Amino acid sequence: MRGRLHLTVDGAAYLQMGHWSVLFDLASPIPGSMDNSWVEISVGSESIALHPYRT
């Protein structure tokens with residue numbers, strides 16, 4: 001997945017991909033310098049859990 005990474009004040013992070021956002025549950029904090037930067041995320045399918053969410 002590629003998109004713009006956003007960090008929130010409460011320590012959460014989400015990836016903005018066009019009109020869609022992917023919320024991350026983080027194991028460790030991401031440095032504040034990464035906020036609003038373009039990133040590519042790749043993980044193995046056995047390391048992902050999906051949960052439905054409505055905005």
Side-chain angles (χ1 to χ4, degrees):
M1 298 184 297
R2 294 180 187 154
R4 192 172 294 266
L5 182 68
H6 295 280
L7 306 176
T8 64
V9 293
D10 61 351
Y14 65 94
L15 186 65
Q16 188 72 42
M17 300 184 320
H19 297 293
W20 300 96
S21 298
V22 177
L23 181 63
F24 290 106
D25 186 10
L26 303 172
S28 60
I30 295 176
S33 61
M34 293 296 297
D35 188 33
N36 207 28
S37 60
W38 288 96
V39 298
E40 180 175 302
I41 307 291
S42 59
V43 296
S45 59
E46 66 281 351
S47 301
I48 298 175
L50 297 177
H51 303 276
Y53 180 80
R54 286 188 169 188
T55 58

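Owing to the predicted nature of the structure, the values given are computational and were not obtained by experimental measurement.
For the side chain to side chain donor-acceptor pair (under 3.5 Å) test, no residue two or more places apart in sequence or in another chain qualifies with Ser47. The side chain to side chain contact (heavy atoms under 4.5 Å, CB included) search around Ser42 returns none, not counting sequence neighbours. With sequence neighbours left out, the salt bridge (Lys or Arg N to Asp or Glu O under 4.0 Å) criterion links Glu46 to no other residue.
For the residue pair Ala13 and Leu5, the shortest heavy atom distance occurs at CB-CD1, 4.3 Å.
Taking CE from Met17 and CE from Met1, the interatomic distance works out to 5.5 Å, rounded to the nearest 0.5 Å. Note: His6 NE2 to Leu15 CG = 8.0 Å, rounded to the nearest 0.5 Å.
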For residues 29-38, dump all side-chain donor-acceptor pairs below 3.5 Å to protein atoms at least two apart in sequence or in another chain.
from: Asp35; atom 1: OD1; to: Leu7; atom 2: N; distance (Å): 2.8
from: Ser37; atom 1: OG; to: Met34; atom 2: O; distance (Å): 2.5

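Applying the salt bridge (charged side-chain N to carboxylate O under 4.0 Å, His left out) test to residues at least two apart or on different chains, none of the pairs has a partner in residues 4-18.
Annotation for Tyr14: hydrophobic cluster partners, listed by chain and number, are Leu23 (ILVMFWY side-chain heavy atoms under 4.5 Å, direct or chained).
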